[in-house]
Amino acid sequence: MFKNTFKKTKYISIPVTDETFRDDILPGQASCPSCHARISELDMIRNHKVCPKCNYHYTLTAWERITLTVDEDSFREFDTNLKTLNPLNFPGYDEKLDQAKQKSGLQEGIVTGQATIDGIQVVIGVMDSRFMMGSMGAVVGEKVTRAIETAIKYRCPLILFTTSGGARMQEGMLSLMQMAKTSAALARFHQEGLLYITILTDPTTGGVTASFASLGDIIIAEPGALVGFAGPRVIKQTIGQQLPDKFQRAEFLLEHGMVDVVVNRSDLLNTLTLLLRLHQEVNNG
């Protein structure tokens, strides 16, 4: 019944930068940062920016993930008018914000909106590491909270893609309080008996991991994603011990019960569709 739900192939664009190609790589080819295999740009596009040799998952932008996930022309973005300020007058913060906006083309580190997946209405939020490493400040926390409240209002599933370096230090306590704010909103969401799915991508760390990223009813991770609070290097320096192999990677977390499933990017849409359909059937009883 749920087979072949990925009805149409979606292609994503790969921005070409000065670092994309090396002198020893032919034009139209890139070198995988994991296995160093030479991959054609066309193969990368067809494979959704996943290395066909070693399964290394390249970073996607928020809009690339949205394109791959939701039904065509169904996404409607909201809360585009929220603007990040500099409440602490932190030196250089305004300049960093301007640089992040120019680099990413976004107003903040997350895009939120309503869409359909295989015809099922959802609220979706996608973080983007190009905007100050997806760090969570007041506006990111507010947009996540409003997404949760919108999902409650329309009684539809909530899906959040996470990638983050943690809380945004330039906003101090205003940033840290977003952990409690988003968690409280999710507590109300869970009381309504609605479905919340998180997809953890590389990297998801700090305050985002310690709040809404880890509170999903179903927690999915992409292969190889680094997920944790403090990074492995900091932990090793703090406790002075050798950490287990691939510590804090998605597969390690799966073995230790921290995530429910690790899903390849090419299989993610089918997985989400299956989960949404099952939840819909259970609710319809």
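Along the sequence shown, the residues carry numbers beginning at 1. Only heavy atoms go into these numbers, but all of them, side chains included; no hydrogens, no water, no symmetry mates.
Clustering of Ile, Leu, Val, Met, Phe, Trp and Tyr side chains at separations under 4.5 Å leaves Leu85 isolated, with no partner residue. The hydrophobic cluster containing Met133, built from Ile/Leu/Val/Met/Phe/Trp/Tyr side-chain heavy atoms closer than 4.5 Å, comprises no other residue. Within the hydrophobic cluster formed by Ile, Leu, Val, Met, Phe, Trp and Tyr side chains joined at under 4.5 Å, directly or through other members, Leu200 is accompanied by Ile219, Val227, Ile235, Ile239, Leu243, Phe247, Phe252, Leu253, Leu254, Met258, Val259, Val262.
Every residue two or more places apart in sequence or in another chain that forms a side-chain hydrogen bond (donor to acceptor under 3.5 Å, both in side chains) with Asp43 is listed here: Ser40. Every residue two or more places apart in sequence or in another chain that forms a ring pair (Phe, Tyr, Trp, His ring centres under 6.0 Å) with Tyr58 is listed here: Tyr56. For Asp217, there are no salt bridge (charged side-chain N to carboxylate O under 4.0 Å, His left out) partners at least two apart in sequence or on another chain. Every side-chain hydrogen bond (donor to acceptor under 3.5 Å, both in side chains) that Glu192 has, sequence neighbours left out, goes to Arg155.
Note: the hydrophobic cluster containing Ile199 also contains Val111 (ILVMFWY, side chain heavy atoms under 4.5 Å, direct or indirect links). Put simply, Val70 and Ile197 are part of the same group of oily side chains (I, L, V, M, F, W, Y) that touch within less than 4.5 Å, one to the next. No path of Ile, Leu, Val, Met, Phe, Trp and Tyr side chains, each step under 4.5 Å between heavy atoms, connects Ile66 with Leu158, placing them in separate hydrophobic clusters. Taken together through direct or relayed side-chain contacts under 4.5 Å among Ile, Leu, Val, Met, Phe, Trp and Tyr, Leu276 and Ile218 form part of one hydrophobic cluster. Under the 4.5 Å side-chain contact rule for hydrophobic residues, Val126 and Val144 do not share a cluster.
Here Asp79 does not pair with Lys143 in a salt bridge; the nearest charged N to carboxylate O distance is not below 4.0 Å. A salt bridge is absent between Asp128 and Arg65: the closest approach of a Lys/Arg side-chain nitrogen to an acidic carboxylate oxygen does not fall below 4.0 angstrom. Contact check on Glu41 versus Arg46 returns no salt bridge, with no Lys/Arg side-chain nitrogen under 4.0 Å from an Asp/Glu carboxylate oxygen. Using a cutoff of 4.0 Å between basic side-chain nitrogens and carboxylate oxygens, Glu149 and Arg188 are scored as salt-bridged.
Of the inter-residue distances, the one linking Leu82 atom CG with Glu108 atom CD reads 9.0 Å to the nearest 0.5 angstrom.
Using a distance-only test at 3.5 Å, with no hydrogens or angles considered, no donor-acceptor pair links the side chain of Arg233 to the main chain of Ala230. Side-chain atoms of His57 come within 3.5 Å of backbone N or O of Arg265 as a donor-acceptor pair. The backbone N or O of Ser175 sits nowhere less than 3.5 Å from a side-chain atom of Arg168 that would complete a donor-acceptor pair.
Among residue pairs with one or both ends in residues 253-262, none qualify as side chain to side chain donor-acceptor pair (under 3.5 Å); sequence neighbours excluded. Under the ring pair (Phe, Tyr, Trp, His ring centres under 6.0 Å) criterion, the residue pairs touching residues 63-98 are Trp63-Phe75, with sequence neighbours excluded. Sorted by first and then second residue, the side chain to side chain donor-acceptor pair (under 3.5 Å) pairs with a member in residues 237-248 read Lys236-Gln242; sequence neighbours excluded. For residues 187-227, there are no ring pair (Phe, Tyr, Trp, His ring centres under 6.0 Å) pairs, not counting sequence neighbours.
Across Thr198, Thr69, Val123, Ile117, a single residue satisfies side-chain contact (heavy atoms from CB on, under 4.5 Å) together with Ile159, and that is Ile117.
Heavy atoms only, all atoms of each residue included: Lys103 and Arg130 are closest at CD-O, 3.7 Å.
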Under 3.5 Å, which donor-acceptor pairs do the side chains of residues 176-183 form with other protein atoms, sequence neighbours left out?
residue: Gln178; atom: NE2; partner: Leu174; partner atom: O; Å: 2.8
residue: Lys181; atom: NZ; partner: Glu142; partner atom: OE1; Å: 2.3
residue: Thr182; atom: OG1; partner: Gln178; partner atom: O; Å: 2.8
residue: Thr182; atom: OG1; partner: Met179; partner atom: O; Å: 3.2
residue: Ser183; atom: OG; partner: Met179; partner atom: O; Å: 2.7

